[in-house]
Amino acid sequence: MDYKDLANLIFPDAKPISYYEEKYAKRNLKEGAIVTRFAPSPTGFVHLGSLYQVAIAKKLAKQTDGVLFLRIEDTDQKREVENGVIGIIKSLEDFGLTPDEGMIDEVNEKGDYGPYKQSLRKDIYQAYAKHLLEQGKAYPCFATTEELEEMREKQEKAKIRPGYYGVWAKYRNLSVEEAAEKIKNGEEYIVRLKSPGNEEKRIKHHDLIKGNVDFPENDQDIVIIKADGLPTYHFAHAVDDHLMQTTHVIRGDEWLSSIPIHLQLFQMLEFKAPKYAHIAPIMKEDDGGKRKLSKRKDPEAAVSYYTDEGIPKEAVIEYLLNIANSNFESWRKANPNASLDDFELQISKMSVSGALFDIVKILDISKTVISKYTAEQIYDEAMKWAKVYDKELEQMLENKEYALKVFGIERGNAKPRKDISKWSDVKANIIYMYDDKFDGIDEKYDYQKVQDKETIEKIVKLYIEKYYNENDDKQTWFDKIKDLAEEIGYAREVKEWKKEPEKWPGHVGDVSTVLRVALTRRSNTPDMYEIMQVLGKDSIKARFEKALKAL
RNA sequence: GGCCCCUUGGUCAAGUGGUUAAGACAUCGCCCUUUCACGGCGGAGACAUGGGUUCGAGUCCCGUAGGGGUCACCA
């Protein structure tokens with residue numbers, strides 16, 4: 001009896017690997033095209049860090065006319081979540097990062113290198129495991145969980161390196177006959193790699209981001225096929241990325257320390273190893289220290305947070321590119337209106353250590369992004385968001401013609417307003433432009449500098465009775481407020497007042513603030529002339545009367 | 001604990017042995033402005049630490065401290 005017989009006993013039905021090697025055609029891509037992947041577990045949850053990876057992967061694939069595919073790593077059936085795949089695909093779509101091939105919903109996929117769901121590739125992994133068994137590069141291990149635990153305790157007590165290696169690899173040197181005997185007796189087993197590594201020797205690795213690193217060789221006999229017949233991550237990674245012809249593995253740097261295992265696996269399978277880029281995680285400040293953004297503790301770790309808040313996807317991606325390549329910033333400055341697709345990402349410029357997540361910065365980017373939108377775009381996006389998250393806002397926006405006027409205030413000019421950083425800001429920003437909402441809210445009027453009722457009353461009354469004319473153009477309107485200021489003994493010009501402030505009780509700015517507050521109950525609004533144009537005569541009069549009554 | 005990686009203003013960061021150590025966000029001040037926002041100008045603010053190497057160190061080497069990652073039949 002030899003290795004071949006043992007392999008046949010373990011995986012009697014597995015096909016020879018030549019079947020798979022021939023089944024998948026070589027990808028027809030131009031020189032230098034990057035084939036990469038996003039390979040999540042189907043938990044439905046997409047972490048900001050994952051989005052970061054995908055954004056980078058997608059960009060690199062696109063830049064090189066390569067391919068990004070989505071592979072679902074569902075080899076841990078305990079972690080299975082219902083509709084997890086859909087959740088991931090939906091999130092990617094929300095951010096404009098739909099992969100070129102791979103799963104497209106829970107069961108369907110596109111692309112010629114599938115299945116793209118690992119649980120459906122069981123026979124493939126077993127074929128390659130069999131191939132290793134045939135060569136004596138892998139072996140069945142009969143150690144029970146208890147046995148392994150006991151071993152670990154012993155190792156820890158003796159302060160030696162824990163694990164299944166060297167003399168501790170109890171079943172490594174079992175004869176083929178002994179192993180076959182146990183299998184025939186129905187003993188449970190898993191398949192381990194017979195590691196040729198030596199802890200004393202070093203293995204060199206050049207990482208696209210981390211640079212040159214070296215590690216001790218792997219000498220652990222890692223599990224490649226689990227008791228349920230499915231592969232471990234390591235084994236699946238080697239087999240899949242070989243067959244799917246991945247050229248670049250872009251993943252979180254928590255994987256960096258698995259490099260010795262992965263390189264060894266590729267070598268033993270006689271596969272060409274892909275290039276690796278290990279991305280530093282996005283961190284969060286915590287008690288003065290840093291830690292990874294946490295799914296449990298930080299709402300902003302979930303990409304759904306950004307859709308919920310109404311932060312536009314371009315803003316999120318732009319922020320991530322900002323972290324990824326520091327030259328992005330100067331590129332953006334030079335090309336303020338260019339599409340993100342035009343930015344060339346350089347993986348070698350990525351930071352080696354993790355950046356602290358900065359919500360203030362992302363909102364700043366978002367503000368700028370939104371400021372470039374047209375009123376129509378703002379309307380569409382705000383409406384889309386409102387339909388899901390804010391019924392009241394949706395109802396406010398139903399009158400599209402009016403809403404467009406409101407969003408059009410001070411928009412489209414050279415220095416657009418930057419007052420909306422997310423769709424969830426919209427309501428608070430425009431609510432005073434809606435008469436029914438304005439009447440419904442029982443807030444106080446705060447007239448800022450002018451506080452005595454008589455003056456306020458005088459300003460408002462004079463304005464409605466004498467100065468206001470809905471047909472005035474902006475200059476006339478403006479001059480009339482100056483006239484009003486003069487009439488009540490205030491300075492016409494702020495500059496003059498500043499020169500001799502003791503000469504007047506206040507200036508035209510104070511007067512218009514009174515009007516502004518009477519009109520909107522706010523001291524900070526966009527251009528008052530435009531607001532008045534949108535509100536219209538009736539509303540303006542009603543508002544001034546209401547303000548007078550409230551005095 | 002072993003192994004691996006990292007450390008420049010509050011934050012993101014440029015930096016490849018000689019720089020007045022960029023820039024952005026945040027912050028403060030001034031200007032513009034009838035408010036706010038925008039914009040413009042300016043201020044404050046950093047090479048973790050101790051040794052080396054060198055004419056010269058943020059940059060190279062060693063140590064220390066701090067931070068992060070990883071050590072599963074999870075990915």
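Predicted, not measured: the structure shown is a model, and the values here were computed from it. Heavy-atom basis, side chains included; hydrogens, waters and symmetry copies ignored. The chains referred to below are lettered A, B, ... by the order of the sequence lines, with proteins before strands, and numbering in each begins at 1.
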> Side-chain contact, heavy-atom cut-off 4.5 Å: Tyr276(A) with Leu208(A)?
Replying inline: no
>> Testing the basics here: between Leu340(A) and Trp331(A), what is the closest heavy-atom pair and its distance to 0.1 Å?
In response: CA-CH2, 4.4 Å
>> Is Arg152(A) close enough to A72(B) that one of its side-chain N or O atoms is under 4.0 Å from OP1 or OP2 there?
In response: yes
> Where the side chain of Thr232(A) is concerned, which of U70(B), C73(B), C5(B) is the nearest nucleotide?
Replying inline: C73(B)
>> Only Watson-Crick and G-U wobble pairs with both distances less than 3.5 Å should count. Give RNA chain B in dot-bracket notation, marking inter-strand partners with |.
In response: (((((((..(((.....[....))).(((((.......)))))....(((((..]....))))))))))))....
> Which whole-number value in Å describes the distance from Leu263(A) CG to C4(B) P?
Replying inline: 16 Å
> Would a 4.5 Å heavy-atom cut-off, applied to side chains only, mark Glu309(A) and Asp425(A) as touching?
Replying inline: no
>> For Phe266(A) and His237(A): C-alpha separation, side-chain torsions, deciding distance, then whether ring-ring contact (aromatic ring centres under 6.0 Å, His included) applies.
In response: CA-CA 9 Å; Phe266(A) 275 91; His237(A) 156 50; 5.4 Å; yes
>> Please compare Ser258(A) and Phe215(A) by the position of their nearest nucleotide in RNA chain B and report the one closer to 5'.
In response: Phe215(A)
> Separation of Leu321(A) atom CG from A13(B) atom P, in whole Å?
Replying inline: 14 Å
> Contact class for Ala491(A) (heavy atom, under 4.0 Å): base, sugar-phosphate, or nothing?
Replying inline: nothing
>> Would you measure the distance from the P atom in A22(B) across to the matching atom in G39(B) and give it in whole Å?
In response: 23 Å
> Among C5(B), A13(B), A75(B), which nucleotide sits nearest the side chain of Glu73(A)?
Replying inline: A75(B)
> Could you write nucleotides 63-68 of chain B as a row of B, S and -, 5' to 3', where a protein heavy atom under 4.0 Å of any base atom gives B, of only sugar-phosphate atoms gives S, and otherwise -?
Replying inline: ----SS
> Less than 4.5 Å apart, any side-chain heavy atom of Asp219(A) and any of Arg161(A)?
Replying inline: yes
>> Without decimals, in angstroms, what is the distance between His262(A) NE2 and U70(B) P?
In response: 13 Å
> Is Tyr233(A) touching bases, backbone alone, or none of the nucleic acid, heavy atoms closer than 4.0 Å?
Replying inline: base
> Using the C1' atom in both, what is the distance from G63(B) to C55(B), to the nearest Å?
Replying inline: 26 Å
>> Under 4.0 Å, counting only non-hydrogen atoms across every strand here, what does Thr43(A) touch: a base, just sugar-phosphate, or nothing?
In response: nothing
> Please give, in whole Å, the distance from C5(B) P to His205(A) NE2?
Replying inline: 11 Å
>> Is the ring pair Trp255(A)/His234(A) parallel, tilted or perpendicular, if the boundaries are 30 and 60 degrees?
In response: perpendicular
> Looking only at side-chain N and O atoms, does Arg161(A) come under 4.0 Å of OP1 or OP2 in G1(B)?
Replying inline: no
> What's the CE-P distance between Met151(A) and C71(B), to the nearest Å?
Replying inline: 15 Å
>> Could you tell me how far C47(B) sits from G66(B) if I compare only their C1' atoms? Round to whole Å.
In response: 16 Å
>> Rounded to whole Å, how long is the line connecting atom CZ of Arg71(A) with atom C1' of A75(B)?
In response: 12 Å
>> Expressed as a whole number of angstroms, how long is the span from His278(A):NE2 to C6(B):C1'?
In response: 16 Å
> Expressed in angstrom and rounded to an integer, what is the separation of Ile323(A) atom CD1 from A14(B) atom C1'?
Replying inline: 16 Å
> Can you find a pair of side-chain heavy atoms, one from Phe407(A) and one from Val426(A), that are under 4.5 Å apart?
Replying inline: yes
> Using a cut-off of 4.0 Å between protein heavy atoms and nucleotide atoms, how would you tag nucleotides 22-38 of chain B 5' to 3' with B, S and -?
Replying inline: -BBSS-----SBBBBBB
>> Can you tell me how the ring of Phe357(A) sits relative to the ring of Tyr306(A), calling it parallel under 30°, perpendicular over 60° and tilted otherwise?
In response: perpendicular
> With rounding to whole Å, what would you report as the distance between G18(B) and A24(B) at their C1' atoms?
Replying inline: 27 Å
>> Given the ring of Tyr467(A), does Lys480(A) sit roughly above its face, with NZ or CZ under 6.0 Å from the centre of the six-membered ring and within 45° of the axis?
In response: no
> Does NZ or CZ of Arg521(A) come closer than 6.0 Å to the centre of the six-membered ring of Tyr432(A), within 45° of the ring's axis?
Replying inline: no
> What interatomic distance, in whole Å, is found between C1' of G56(B) and the corresponding atom of G17(B)?
Replying inline: 8 Å
>> Is the positively charged end of Arg332(A) above the ring of Phe343(A), judged by distance under 6.0 angstrom from the centroid and angle within 45° of the axis?
In response: no
> If you measure from the P atom in U19(B) to the same atom in G2(B), how many Å do you get, rounded?
Replying inline: 40 Å
>> Taking the C1' atom in each of G9(B) and A26(B), what is the distance between them to the nearest angstrom?
In response: 12 Å
> Out of C4(B), C73(B), U11(B), which nucleotide sits closest to the side chain of Leu356(A)?
Replying inline: U11(B)
>> Considering every strand and a 4.0 Å limit on heavy-atom distances, what is the contact class for Arg202(A): base, sugar-phosphate, or nothing?
In response: sugar-phosphate
>> When you measure from the centre of the six-membered ring of Tyr171(A), is the NZ or CZ of Arg192(A) closer than 6.0 Å and no more than 45° off the axis?
In response: no
> Should Ser351(A) be listed as having a side-chain N or O under 4.0 Å from OP1 or OP2 of A13(B)?
Replying inline: yes
> Hey, mind stepping through Asp240(A) and His242(A) against side chain to side chain donor-acceptor pair (under 3.5 Å) and telling me if it holds?
Replying inline: CA-CA 5 Å; Asp240(A) 290 347; His242(A) 165 67; over 6 Å; no
> Quick one: are Lys292(A) and Ile282(A) in side-chain contact, heavy atoms under 4.5 Å?
Replying inline: no
> Which is true for Ala227(A) with a 4.0 Å heavy-atom rule: it touches a base, it touches only sugar-phosphate, or it touches nothing?
Replying inline: base
>> So, OP1 or OP2 of C73(B): does either fall under 4.0 Å of a side-chain N or O from Thr145(A)?
In response: no
>> Please determine whether a side-chain nitrogen or oxygen atom of Ser326(A) lies at a distance below 4.0 Å from atom OP1 or OP2 of A14(B).
In response: yes
>> Roughly how many Å apart are U8(B) and A46(B), using the P atom of each and rounding to a whole number?
In response: 14 Å
